[in-house]
Amino acid sequence: MRIHGKSTRTIWLAADGAGVEIIDQTRLPHDFVVLRLDTLEDAERAIGEMWVRGAPLIGATAAYGVALALRAGQTDERLDEACRRLLATRPTAVNLRWALDDMRSVLRTLAPEKRLAAAYERAARISDEDVAMNAALGEHGAGILRDLWEKRRAAGADRLNVLTHCNAGWLATVDWGTALAPVYKAHEAGIPLHVWVDETRPRNQGASLTACELNWHGVAHTVIVDNAGGHLMQHGLVDVCIVGTDRTTATGDVCNKIGTYLKALAARDNDVPFYVGLPGPTIDWTIEDGIRQIPIEERDPAEVTHISGRDPAGRRVSIQLTPDGSGAVNYGFDVTPARLVTGLITERGVCPASRRGLLSLYPEKRPHV
Ligand code: MRU
């Protein structure tokens with residue numbers, strides 16, 4: 001992503017090669033603030049308080065968090081404690097566990113004095129691989145958008161309308177995004193796209209983050225309330241839905257930001273294709289039943305009862321929406337059953353949302369007999 005003309009990732013090593021820098025996503029879209037992480041505690045806070053968020057970026061931050069933790073000691077105990085504490089920061093995105101398992105398995109085999117340098121190297125590799133996977137899935141997804149656009153153009157349309165939920169864009173990954181990578185690739189290829197951006201209550205990652213990065217990238221878009229999607233689909237104003245995912249089961253059930261399931265239901269009722277963009281590390285090969293087996297994060301009810309934004313004087317303010325005494329509950333994610341998903345867009349190609357479909361792209365995951 002180019003910001004103010006400069007190629008920028010969402011996480012990078014600081015100039016001294018020790019700290020790690022991130023964009024504080026709680027300050028977007030109004031302020032672009034870079035924060036420096038130096039310790040395990042900093043990395044825990046960055047993920048837990050959602051300075052960084054989005055499944056792939058959570059994984060990359062956790063990987064760097066292990067490197068930061070090892071600055072204070074490289075014993076087995078320190079490594080295990082760092083992985084345990086980072087794993088506890090957010091429960092749903094499986095990329096977190098994947099990145100920590102990867103770091104731990106590589107570092108455990110090394111002598112303690114070799115671990116610090118190796119941890120930085122491995123975290124950098126996880127980040128680079130995320131960029132490459134998202135760029136590749138973007139190409140595969142852009143092919144779908146190109147085909148849809150050819151049909152819409154033949155029918156007299158002047159643009160292709162894409163609907164997305166939450167933020168599964170550049171800001172949710174190290175670069176490119178998952179759901180939005182196909183959008184960026186298709187936009188670069190000259191396809192006239194327009195994106196309906198679900199605001200995505202309660203934290204409004206759509207209204208604040210997706211809108212922000214589509215603006216930076218010059219992609220036409222319109223923010224809508226979360227309940228508008230069904231109406232737009234009934235009136236032929238959505239050609240395709242593309243969302244990201246925090247964890248997809250081996251059978252193709254898709255867990256993503258709360259409200260995704262309702263979009264998939266509306267899409268099915270209106271014959272709108274519903275695609276999910278995901279890099280391989282978002283697949284949890286250990287589970288089959290998304291509704292029963294994926295842990296759903298419950299966050300502070302204050303995110304529902306209050307809303308924050310910028311007042312006319314430019315100050316950041318939080319406003320209470322609900323009456324004193326009314327309770328609220330804040331589930332972060334829901335599960336869209338595989339049967340409602342048209343296709344999974346991965347770095348290896350597009351497949352049906354099913355065990356067979358996923359194994360056709362990842363044959364190395366077939367159980368050994
Ligand atoms: O709670 P968040 O902001 O971390 O949730 C993010 C999402 O649900 C994204 O859609 C998902 O992580 C896919 S990211 C490429």
Side-chain angles (χ1 to χ4, degrees), residues 1 9-11 22-26 28 46-62 89-99 127 130-131 133-135 137-138 141 163-184 195 197-213 226 241-248 254-264 274-284 290 294-300 303-304 330-336 341 344-347:
M1 172 73 66
R9 288 186 176 186
T10 57
I11 188 166
I22 57 161
I23 299 156
D24 181 354
Q25 299 194 17
T26 65
L28 291 170
I47 301 171
E49 295 182 19
M50 295 178 66
W51 304 344
V52 291
R53 27 66 53 203
L57 182 55
I58 290 171
T61 308
T89 51
R90 293 197 71 190
T92 302
V94 77
N95 306 58
L96 176 62
R97 187 184 76 199
W98 173 86
S127 298
D130 182 60
V131 179
M133 283 188 284
N134 298 331
L137 85 81
L163 183 144
T164 194
H165 190 68
C166 193
N167 173 262
W170 172 72
L171 287 162
T173 63
V174 180
D175 206 347
W176 283 109
T178 57
L180 293 190
V183 167
Y184 292 133
V195 183
V197 178
D198 281 353
E199 63 175 345
T200 320
R201 279 283 289 150
R203 289 185 66 101
N204 295 314
Q205 292 95 326
S208 56
L209 304 178
T210 298
C212 182
E213 60 172 89
D226 291 323
C241 299
I242 311 184
V243 300
T245 168
D246 291 81
R247 192 184 296 227
T248 288
V254 169
C255 182
N256 191 46
K257 181 56 55 190
I258 193 87
T260 302
Y261 170 50
L262 293 178
K263 293 297 135 62
F274 188 93
Y275 287 97
V276 180
L278 69 158
T282 310
I283 305 165
D284 186 345
I294 297 179
I296 299 294
E297 177 176 17
E298 254 191 85
R299 296 186 62 84
D300 189 343
E303 293 179 352
V304 177
N330 187 8
Y331 294 107
F333 301 90
D334 61 24
V335 174
T336 298
V341 177
L344 300 173
I345 307 169
T346 79
E347 73 280 9

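Start at 1 with the first residue, then count along the sequence. Whatever order the structure lists them in is the order used to number ligands and atoms, beginning at 1. Everything quoted here is computed from the prediction, not taken from an experiment.
Salt-bridge annotation for D226 and R201: absent, with no side-chain N of the basic residue lying under 4.0 Å from a carboxylate O of the acidic one. Between K257 and D198, none of the side-chain N atoms (NZ, or NE/NH1/NH2) sits under 4.0 Å from a carboxylate O, so this pair counts as no salt bridge.
Only the backbone of N167 comes within contact range of ligand 1, with a heavy atom under 4.0 Å; no side-chain atom does. At a 4.0 Å heavy-atom cut-off, ligand 1 touches T245 through the backbone alone.
The ligand atoms of ligand 1 that sit less than 4.0 angstrom from a heavy atom of T178 are 15 (C). Heavy-atom contacts of D246 reach the following atoms of ligand 1: 7 (C), 8 (O), 9 (C), 11 (C), 12 (O) (cutoff under 4.0 Å). Within ligand 1, counting atoms from 1 as listed, the ones closer than 4.0 Å to a heavy atom of M50 are 1 (O), 2 (P), 3 (O). Annotation for ligand 1: atoms under 4.0 Å from non-hydrogen atoms of A55 are 12 (O), 14 (S). If you number the atoms of ligand 1 from 1 as listed, the ones under 4.0 Å from a heavy atom of R90 come out as 1 (O), 2 (P), 4 (O). Every atom of ligand 1 with a heavy atom of A172 under 4.0 Å away is listed here by number and element: 14 (S), 15 (C). Taking every non-hydrogen atom of Q205 and a distance limit under 4.0 Å, the qualifying atoms of ligand 1 come out as 1 (O), 2 (P), 3 (O).
If you take OG1 on T61 and CG on L96, they are separated by 9.5 Å, rounding to the nearest 0.5 Å. Atoms CG and OG1, from D246 and T92 in turn, are 6.5 Å apart once rounded to the nearest 0.5 Å.
The N/O atoms of H165, backbone and side chain alike, include none that comes under 3.5 Å of an N/O atom in ligand 1. Geometrically, ligand 1 and K257 share a nitrogen or oxygen pair separated by less than 3.5 Å. Checked by distance only, ligand 1 and P56 stay at 3.5 Å or farther apart across all their nitrogen or oxygen atoms. Geometrically, ligand 1 and T173 share no nitrogen or oxygen pair separated by less than 3.5 Å.
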